[in-house]
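Data block below; observations after.
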Number of protein chains: 2
Amino acid sequence: MSGAISKATARRLPMYLRYLKGKAADGQEYVSSAAIATDLGCSAVGVRKDLALISSAPGKPRFGFEVKSLVADLERYLGYHRFASAVIVGAGGLGRAMLSYDGFENYGIRVVAAFDNSPAKVGAVAGKPVYPMERLPEIVKRNHVEVGILTVPRSSAQAACDEMVRAGIGAILNFAPVYLSVPEGVRVKCEDLAVPLAQLCEGLAVSDK
Amino acid sequence: MSGAISKATARRLPMYLRYLKGKAADGQEYVSSAAIATDLGCSAVGVRKDLALISSAPGKPRFGFEVKSLVADLERYLGYHRFASAVIVGAGGLGRAMLSYDGFENYGIRVVAAFDNSPAKVGAVAGKPVYPMERLPEIVKRNHVEVGILTVPRSSAQAACDEMVRAGIGAILNFAPVYLSVPEGVRVKCEDLAVPLAQLCEGLAVSDK
DNA sequence: TATATATCGATAAAAATTTATCGATTCGGG
DNA sequence: CCCGAATCGATAAATTTTTATCGATATATA
């Protein structure tokens with residue numbers, strides 16, 4: 001069952017996918033666990049264990065794993081069992097950057113639109129619409145949006161969060177550097193852009209190794 | 001010694017800091033491990049263990065921990081033993097958003113400037129300068145920059161990365177969805193904005209619990 | 001065809017992390 | 001002044017995750 005994948009492994013899968021896509025683009029057919037481990041800075045045994053969990057075809061001795069097949073497996077695992085719609089609340093610099101980011105499709109996520117209070121921000125970015133906040137409930141309902149990305153300034157984060165919850169959004173990815181309080185049942189994941197950078201700076205980097 | 005903090009704990013510290021700052025802003029003097037755990041969705045025992053590692057003052061039975069003191073301890077731990085300078089390469093949407101992001105100071109990181117190939121992007125954002133790529137080595141050297149944030153499109157990522165390495169940058173935070181190859185000794189940490197979102201979408205969220 | 005080698009997959013050991021338990025401490029209320 | 005509730009800190013158990021070991025397998029090459 002797909003639920004049998006540990007948290008630690010699940011965190012690494014996207015890394016493999018990205019790496020393998022690079023190899024595929026280079027025209028490489030096979031890749032060994034040792035090569036992956038060296039390049040990604042983790043252990044070969046760990047790589048094999050992780051891949052064993054999602055790979056449909058076994059690795060071939062003396063060759064390694066077939067890149068194309070692994071990519072397919074990873075994409076299936078990472079994006080298969082869902083096709084979620086998301087909205088962005090806050091069309092400032094970060095919000096607009098995410099609106100034009102093209103990496104979400106890989107994970108089965110469709111960013112529907114962005115919202116902002118400021119009339120100046122309303123319009124479109126990268127072909128995606130930016131609506132005034134009032135229209136949030138309507139759009140959420142119509143598109144069955146379950147996930148919201150919060151990219152407003154710290155001061156308006158809680159208010160925007162409340163609006164999202166009222167509109168029926170059940171999971172929020174919060175980029176504002178504040179703690180949000182939400183009603184029972186709503187999931188929040190905080191993401192602070194400074195954190196990975198800080199980890200990188202640490203002498204003892206807390207890498208995802 | 002400060003090196004005795006486990007990776008798992010180190011990953012959680014920023015979360016505590018943010019949460020506690022919120023409480024401090026609300027004027028709350030004390031907070032119990034149980035309250036933190038409930039709000040943050042983790043276990044109270046874990047919270048106590050984590051805090052024990054960085055807290056200078058012990059928690060008070062019947063009250064909990066002193067918020068102000070914990071904030072000070074966390075800030076000291078997270079940002080004290082370094083003061084790193086960073087640059088941003090790629091002044092597109094994400095790059096500019098990060099240039100105007102004010103959360104880096106909390107972690108002892110100073111973003112010095114951004115760089116871009118396109119003359120149209122050169123100028124200033126949020127009071128920080130945007131230089132043409134040619135000036136990267138000079139600025140890096142002058143400011144002793146050790147860390148670079150890579151926010152260019154996928155296609156130019158490797159080239160930009162190479163330039164950063166040549167300029168003397170030893171650690172790179174990569175936001176482009178590609179695998180970068182770097183010489184021995186250079187650290188790379190990849191950050192894909194879609195990943196946390198994907199985790200949030202998963203039925204079995206891989207939260208940082 | 002036989003052999004050496006690179007690689008896998010499985011099992012086992014070690015390490016790290018989380019969770020549980022429990023006595024000790026402090027304060028508020030009777 | 002004593003009792004009970006709330007909370008901590010420490011120790012111990014359980015779980016998860018990583019790392020090590022080793023035989024099996026497939027391929028290239030002599």
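We use all heavy atoms of the structure for the numbers below, so side chains are in, but hydrogens, waters and symmetry mates are not. Naming convention: chains lettered A, B, ... in sequence-line order (proteins, then strands); numbering from 1 in each chain. No experiment lies behind these values; they were computed from the predicted model shown.
- In this structure, the side-chain contact (heavy atoms from CB on, under 4.5 Å) partners of S155(A), at least two apart in sequence or on a different chain, are P153(A).
- Regarding L40(B), its CG atom lies at a distance of 14 Å from the P atom of dT18(C), rounded to whole Å.
- Heavy-atom distances to DNA chain D give each of G46(A) and S32(B) a nearest nucleotide, and the one nearer the 5′ end belongs to S32(B).
- The pair R187(B)-E146(B) does not meet the salt-bridge criterion, since no charged nitrogen lies less than 4.0 angstrom from a carboxylate oxygen.
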Query raised in the report: Can you give one letter per nucleotide of nucleotides 23-30 of chain C, 5' to 3': B if a protein heavy atom sits under 4.0 Å from the base, S if only from the sugar-phosphate, - if neither?
Result: --BBB---
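- More than 12 heavy atoms of other residues, nucleotides or ligands lie within 6.0 Å of CD in Q28(B), so this atom counts as buried by the packing criterion.
- As judged by a 4.0 angstrom heavy-atom cut-off over every strand, S33(A) is placed among residues touching the sugar-phosphate backbone only.
- Here the rule is side chain to side chain contact (heavy atoms under 4.5 Å, CB included) with V87(A), and of V147(A), I149(A), V145(A), L150(A) only V145(A) fits it.
- The separation between F65(A) atom CZ and dA26(D) atom P is 15 Å, rounded to whole Å.
- For the pair S156(B) (side chain) and A159(B) (backbone), a donor-acceptor distance under 3.5 Å is absent.
- Of the residues listed (S43(B), S33(B), S55(B), S32(B)), the one engaging R48(B) in a side chain to side chain donor-acceptor pair (under 3.5 Å) is S33(B), and it is the only one.
- Relative orientation of the Y131(A) and F115(A) rings is tilted, given thresholds of 30° and 60° on the angle between their planes.
- Distance Y30(B) OH to dA6(D) P: 19 Å, rounded to the nearest Å.
- Around NZ of K68(B), the count of heavy atoms belonging to other residues, nucleotides or ligands within 6.0 Å does not exceed 12.
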Show me the protein contacts with nucleotides 10-16 of chain D, counting only N or O atoms at under 3.5 Å.
none

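- Whole-Å rounding puts the R11(B) CZ to dT17(C) C1' distance at 11 Å.
- In this structure, CD1 of I54(B) is placed 11 Å from P of dG9(D), rounded to the nearest angstrom.
- Note: CG (L51(A)) to C1' (dT18(D)) measures 15 Å, nearest angstrom.
- Between the C1' atom of dC8(C) and the CG atom of L53(A) lies a distance of 15 Å, rounded to the nearest Å.
- Scanning all heavy atoms of the two residues, the minimum distance from V182(B) to V165(B) falls at CG1-CG2, 4.5 Å.
- A close approach under 4.0 Å does not occur between any side-chain nitrogen or oxygen of S43(B) and OP1 or OP2 of dT18(C).
- Nucleotide dT18(D) holds its C1' atom 17 Å from the CD1 atom of I5(A), rounded to whole Å.
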